[in-house]
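In this text the structure is predicted, and so the values were computed from the model without any measurement. Throughout, numbering of the chain's residues begins at 1 and tracks the sequence.
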Amino acid sequence: MTTAHPPLDLPPDSPDLPAAAVDAATAHLRDVLAFALEHGPAQRALVVYDTRTGLARALAEAYRRNLPDADFVDFDGAAADDVLARFKQLAPHDLVVLVQSSNFRLDGFRLRVELFKLGLKVIEHVHLSRMPGAQGEHYIESLAYDPQYFRGTGHALKERIDRARRAEVHGGGAVLAFDSPFEPAKLNVGDYRAMNNVGGQFPIGEVFTEACDLEAVNGRARIHVFGDTAYLVNRPDEPVTVVIERGRVVEAIGATPAFQQVLDIIRRDEGEVWVRELGFGLNRAFTRERRVDDIGTYERMCGIHLSLGAKHGVYSKPGFKRKDARYHIDVFVETDAVYLDGERVYADGAWTVPVSAVPVAAVPVTVTSAPGR
């Protein structure tokens, strides 16, 4: 029996992005397809998209130009089991692109997870409706893929993190110290050669870890942005200073009502507010001043972010039970300098680790001309 999926609950009025933004998206996604996904003419491609927002329409058009032989399915005009059937017709190493103004729901089918189980490559663009107007152009800029930068800087940071015995994050006069070695750092830099799954949520640009000893984290950090209860970027007029003792937030100086609400919810359900992830964002399209409202996208911002709450699906720790760990709230630290074992690796808004040349081979991508050209 064919069943329809529920309609997306989004405002209908979302203007088109400028033609130059579509051209930029076409160029950036060409590099993503060639360098990061290594998608070639021997593999099929399926693009599932909606047209609810200008950003979604721009990305869909960019993929049409880059993948002229792909199968394109408008999610709002297709039945759920028709979409599922199309997924299952693909072979391992074929590509699925998901362009979602919100996020697609298919009767409990966990899209990215289930597609990876089928051996498919995946590019996921999600919650595009949270980035209206000029934010859509910032999002497109964040898709620019420089493999030498992302892979070179990412691997250099991972190598330095994995042998570090301690770290310090300095910003606005506050210092947060990690007096512990770190868990093996994980990369999200568009290099899938050593990974089981190829692709994920875009944009990319992050190296993350956490202290082996969570109680060895002490000091203060000035939070200039945090993820609120609506999963949106929330920027206080003045940064909130969190005081961290033995890996837990014990005080929030200058907390706004929205930030205090986040802390209160975590304490209500988990008892205390742990600091877990230490994230090294690499994406230069996002800064303290150039933001987008979707917290999952802004997470790639070039700088340091932490997570509040006991939940972390990548690193297991004694005493942290998955069923009890409910929250992983991203908060972004005002960062002037980052030190690993006393060596400064971040200055003037950029990572400063020495980077070796990275050999990268591109897979040819056929690009169609833009309409009217």
Side-chain angles (χ1 to χ4, degrees), residues 8 10-37 47-67 72 97-103 123-147 149-150 188-190 200-206 224-225 227 230-235 281-303 305 330 332 349-350 365 367-373:
L8 299 177
L10 297 170
D13 184 18
S14 179
D16 288 340
L17 269 61
V22 181
D23 292 342
T26 302
H28 297 335
L29 291 174
R30 181 190 314 141
D31 291 340
V32 167
L33 291 166
F35 292 112
L37 275 290
V47 180
V48 183
Y49 67 99
D50 68 64
T51 60
R52 295 294 190 92
T53 58
L55 179 53
R57 295 191 294 273
L59 294 178
E61 172 60 22
Y63 280 111
R64 287 187 187 279
R65 297 180 187 179
N66 281 311
L67 300 170
F72 282 77
V97 177
L98 304 168
V99 179
Q100 307 160 91
S101 293
S102 181
N103 61 317
I123 299 176
E124 185 175 27
H125 305 279
V126 66
H127 298 306
L128 302 178
S129 65
R130 296 177 182 170
M131 295 170 280
Q135 291 188 35
E137 297 180 60
H138 299 335
Y139 180 91
I140 286 173
E141 183 182 346
S142 76
L143 298 175
Y145 188 63
D146 177 348
Y149 169 70
F150 279 114
N188 180 6
V189 294
Q201 181 176 326
F202 280 70
I204 59 168
E206 180 184 7
H224 66 89
V225 158
Y231 306 102
L232 297 175
V233 162
N234 189 307
R235 188 191 192 199
L282 301 178
N283 201 303
R284 296 174 291 192
F286 303 131
T287 67
R288 286 184 61 189
E289 303 306 325
R290 190 190 302 120
R291 302 181 301 277
V292 292
D293 288 338
D294 179 53
I295 195 70
T297 297
Y298 188 67
E299 183 182 1
R300 316 305 186 202
M301 172 211 155
C302 191
H305 63 271
D330 291 314
F332 299 80
V365 177
V367 182
T368 60
S369 61
R373 296 192 175 191

Checking [X] side chain against [Y] main chain: does a donor-acceptor pair fall under 3.5 Å?
X	Y	result
Ser129	Ser101	yes
Arg284	Cys302	no
Tyr149	Leu282	yes
Arg300	Pro203	yes
Gln135	Asp293	yes
Asn66	Thr26	yes

Face-on cation placement of Arg64 at Phe72 ring, 6.0 Å and 45° thresholds: yes

All ring pair (Phe, Tyr, Trp, His ring centres under 6.0 Å) counterparts of Phe150, not counting sequence neighbours: Tyr145

Phe286: partners by ring pair (Phe, Tyr, Trp, His ring centres under 6.0 Å), with sequence neighbours left out: none

Grab the two heavy atoms, one from [X] and one from [Y], that are nearest each other, plus how far apart they are.
X	Y	value
Leu59	Val99	CB-CG1, 4.0 Å
Leu55	Gly136	CD1-O, 3.7 Å
Ser102	Val126	O-CG2, 3.2 Å

Are [X] and [Y] packed together at the side-chain level, in the sense that at least one heavy-atom pair is separated by less than 4.5 angstrom?
X	Y	result
Leu17	Ile140	yes
Tyr231	His127	no
Glu137	Pro18	yes
Met131	Thr53	no
Leu98	Asn103	no
Val32	Leu37	yes

Distance-only side-chain donor-acceptor flag, Asn283 / Ser142, under 3.5 Å: no

Arg235 with Glu289: basic N within carboxylate O range, under 4.0 Å: yes

Ionic contact status for Arg65 with Glu61, cut-off 4.0 Å: yes

Pair His125 + Tyr63: ring centers closer than 6.0 Å: yes

Using 0.5 Å steps for rounding, measure from the [atom1] atom of [X] to the [atom2] atom of [Y].
X	Y	atom1	atom2	result
Leu232	Ile295	CG	CD1	8.5 Å
Leu33	Leu67	CG	CG	5.0 Å
Leu143	His28	CG	NE2	7.0 Å
Met301	His224	CE	NE2	4.0 Å
Asn188	Phe202	CG	CZ	7.5 Å

